[in-house]
Amino acid sequence: MIQAPRGTRDVLPAESYRWQFLEDKMRKAAALAGYREVRTPVFEHTELFLRGVGDTTDIVQKEMYTFKDKGDRSITLKPEGTAGAARCFLESNLYADALPCKMYYLDAPIFRYENPQSGRLREHHQFGLECFGAKEATADAELILLAFHLLEELGIKNLSVRINSIGCPKCRPAYHQTLKDYLAGRIDQLCDSCKERFERNPLRALDCKEKRCQELTKDAPSMLDLLCDECRDHFEALKSCLDGAGIPYSVDSRIVRGLDYYTKTVFELVTATKDGNLTVCGGGRYDNLVEQIGGPSLPAVGFGMGLERVLMLLDSEGIVLPRPNQYDIFITYMGQNRGAAFRTVQDLRAQGIKADMDHCGRSLKAQFKYANKTGAPLSGTIGDDEAAQNALKIKNMATGEEKTVPAAEAPGVIRNMIG
RNA sequence: GUGGGUAUAGCGUAGUUGGUUAACGCGCCAGAUUGUGGCUCUGGAGAGCGUGGGUUCGAGUCCCACUACUCACCCCA
């Protein structure tokens with residue numbers, strides 16, 4: 001039997017309403033802040049990610065779905081959303097228009113060849129916002145607030161915002177060296193993976209989960225102490241925006257994101273679950289990305305939010321989303337009245353009423369049983385009597401109350417009953 | 001890439017020290033004097049026990065391999 005590929009998930013008809021509900025909230029939140037939707041291809045030239053995300057990152061080195069197409073081009077399924085948006089922004093010369101250029105993408109499939117586990121899939125979906133051409137910290141802040149309020153409005157509790165600044169090409173190299181000098185004397189005591197990445201990316205030791213490494217790096221020099229004036233001012237401005245907005249946040253100098261394009265601000269929205277912390281949203285500033293992929297030097301900031309993770313949190317916090325009825329009314333029929341039932345269903349649908357009937361040749365009793373199962377609030381029966389008077393016998397499935405109404409009045413009565 | 005756990009009908013499970021035609025609940029279908037669901041009762045369909053080997057007179061029950069699922073590391077949404 002053929003199964004869905006490892007690390008993928010079907011969204012079944014009975015649960016798609018949860019996605020739609022979320023998507024609706026996300027679109028509204030984005031629109032409220034002037035972000036408009038962009039849709040970019042699911043695959044891009046591999047080169048884009050090599051240059052954008054960074055060819056030393058784990059994502060690029062071992063997690064991309066890369067293949068040759070029939071024209072011998074190297075193609076990669078999007079391993080993240082920002083590079084594609086930046087490419088689109090650049091290719092369509094949107095930087096020539098009034099800036100900033102604000103865009104969002106929704107339900108964009110993201111592919112990473114990872115070992116699946118709780119909250120981690122090989123194909124997942126993100127809601128992402130990108131703001132191109134805005135250098136001020138208010139842009140960083142509005143994104144953090146938008147993400148925070150969106151999740152808060154959905155009812156997610158225990159939400160914490162963590163921010164950090166990882167500097168810019170002017171001040172980061174110096175910090176890199178300072179940290180390496182600090183770790184060099186203790187390298188023997190670091191865990192194996194931290195030893196391995198010491199040369200390539202020593203910053204990783206800062207958010208290592210090993211107790212030993214956490215101990216060893218507790219007093220390590222912080223990037224925040226070595227920021228250049230520009231980066232420090234930016235970070236201070238961001239904090240004051242967040243202070244003013246009154247949302248709880250913490251500065252966590254250990255946040256290091258896994259994509260090379262970040263500069264200055266990085267942030268995460270984390271929730272505490274029974275199995276530990278789960279990051280639902282991550283983002284930051286990427287002032288060099290556009291230039292890196294061949295465009296003008298142009299500041300930008302954005303974030304990605306994992307749809308599956310948001311849904312997971314809603315689940316684990318017991319938040320129930322409103323489930324729409326599959327039907328407003330289910331039409332049952334007897335004997336030779338199947339044709340009349342069919343016409344009635346079509347007429348009701350034309351009136352904007354969600355209606356259906358039996359298509360399986362069931363007995364009247366079984367039709368009611370089925371109607372009940374679908375959760376239809378009303379049923380409408382057509383037997384010989386009703387057919388003779390061109391009427392419909394409408395029943396409230398919850399109370400059992402029935403009344404026969406002329407066909408012409410049915411839509412109005414139904415609307416009234418479902419209020 | 002590394003390590004742990006699990007694999008029995010659509011779903012959730014039971015299967016005792018290996019031994020007749022694999023059990024139960026839910027769900028599904030059909031009935032309970034024929035124009036009506038939700039409760040109850042009765043009956044029915046549906047798995048040969050992840051796949052492939054092996055041990056044995058005999059394996060869902062033991063051994064091996066593979067695969068899938070799952071959790072964790074790594075990394076990240």
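As a basis for the values below, the full set of heavy atoms in this structure was taken, side chains included, without hydrogen atoms, waters or symmetry mates.
Rounded to the nearest Å, the gap between the C1' atom of U33(B) and that of G27(B) is 29 Å. Going from the P atom of G31(B) to that of A68(B) covers 45 Å, rounded to whole Å. Comparing the C1' positions of U17(B) and G58(B) gives an interatomic distance of 16 Å, to the nearest angstrom. For the C1' atoms, the distance linking A9(B) with G1(B) amounts to 37 Å, nearest Å. For G48(B) and U8(B), the P atoms lie 12 Å apart once the distance is rounded to whole Å. Separating the P atom of G60(B) from that of C71(B) is a span of 30 Å, rounded to the nearest Å.
Figure legend. U42(B) is base-paired to A30(B); pairs are counted as Watson-Crick or G-U wobble with both atom distances under 3.5 Å. In this structure, U56(B) forms no base pair with any nucleotide, since neither Watson-Crick nor G-U wobble geometry is met with both distances under 3.5 Å. Base-pair partner of U2(B): A72(B) (Watson-Crick or G-U wobble, both distances under 3.5 Å). The nucleotide U67(B) finds its pairing partner in A7(B), both defining distances of the Watson-Crick or G-U wobble pair being shorter than 3.5 Å.
Contact annotation: R309(A) does not reach the phosphate of C76(B) (side-chain N/O to OP1 or OP2, under 4.0 Å).
The pair K102(A)-E142(A) meets the salt-bridge criterion, with a side-chain N (NZ, NE, NH1 or NH2) lying under 4.0 Å from an Asp/Glu carboxylate O. Under a 4.0 Å N-O distance rule, the pair D24(A)/K28(A) qualifies as a salt bridge. Salt bridge annotation for E23(A)-R27(A): absent, with no cationic side-chain nitrogen under 4.0 angstrom from a carboxylate oxygen. A salt bridge between K264(A) and D287(A) is present, with a side-chain N of the basic residue lying under 4.0 Å from a carboxylate O of the acidic one. A salt bridge is defined here as a Lys NZ or Arg NE, NH1 or NH2 lying under 4.0 Å from an Asp or Glu carboxylate O, and D140(A) with K135(A) fails to meet this definition. Electrostatic pairing of E37(A) and R39(A) counts as a salt bridge here, judged by a charged N lying under 4.0 Å from a carboxylate O.
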**Asked** Which nucleotides of nucleotides 32-43 of chain B have their base under 4.0 Å from a protein heavy atom (B), which only their sugar-phosphate (S), and which neither (-), written as one string 5' to 3'?
**Response** ---BBBB-----
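Note: CZ (F111(A)) to P (A77(B)) measures 16 Å, nearest angstrom. Note: CG (L22(A)) to C1' (A77(B)) measures 13 Å, nearest angstrom. The nearest whole Å value for the distance from the CZ atom in R362(A) to the P atom in G31(B) is 12 Å. C76(B) atom P lies 12 Å from atom CD of Q61(A), rounded to whole Å. Atom-to-atom, CZ of F49(A) to P of C76(B) comes out at 16 Å; the value is rounded to the nearest Å. One atom, CG of D58(A), and another, P of A77(B), lie 12 Å apart when rounded to the nearest Å. Distance E23(A) CD to A77(B) P: 20 Å, rounded to the nearest Å. The distance from atom CG of D260(A) to atom P of C76(B) is 10 Å, rounded to the nearest whole Å.
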**Asked** Stepwise, does the ring pair (Phe, Tyr, Trp, His ring centres under 6.0 Å) test hold for F127(A) with Y105(A)?
**Response** CA-CA 6 Å; F127(A) 167 52; Y105(A) 50 84; 7.9 Å; no
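With hydrogens and angles ignored, a donor-acceptor pair closer than 3.5 Å exists between the side chain of E114(A) and the base of A77(B).
Taking the six-membered ring where tryptophan is involved, the planes of Y65(A) and Y113(A) are perpendicular, since the angle between them exceeds 60° and thus also 30°.
The side-chain tip of R285(A) does not point at the ring of Y262(A) from less than 6.0 angstrom away and within 45° of straight on.
Here the two rings, on Y286(A) and Y261(A), have centers that are under 6.0 Å apart.
Annotation: the span from I353(A) atom CD1 to R349(A) atom CZ amounts to 12.0 Å, rounded to 0.5 Å.
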For nucleotides 67-72 of chain B, which of its nitrogen or oxygen atoms have a protein nitrogen or oxygen under 3.5 Å away, and what is each distance?
{"from": "C69(B)", "atom 1": "OP2", "to": "R6(A)", "atom 2": "NH1", "distance (Å)": "2.4"}
{"from": "U70(B)", "atom 1": "OP1", "to": "R9(A)", "atom 2": "NH1", "distance (Å)": "3.4"}
{"from": "U70(B)", "atom 1": "OP1", "to": "R9(A)", "atom 2": "NH2", "distance (Å)": "3.3"}
{"from": "C71(B)", "atom 1": "OP2", "to": "S118(A)", "atom 2": "N", "distance (Å)": "3.1"}
{"from": "A72(B)", "atom 1": "OP2", "to": "Q117(A)", "atom 2": "OE1", "distance (Å)": "3.2"}

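Base contact: L121(A) has a heavy atom under 4.0 Å from a base atom.
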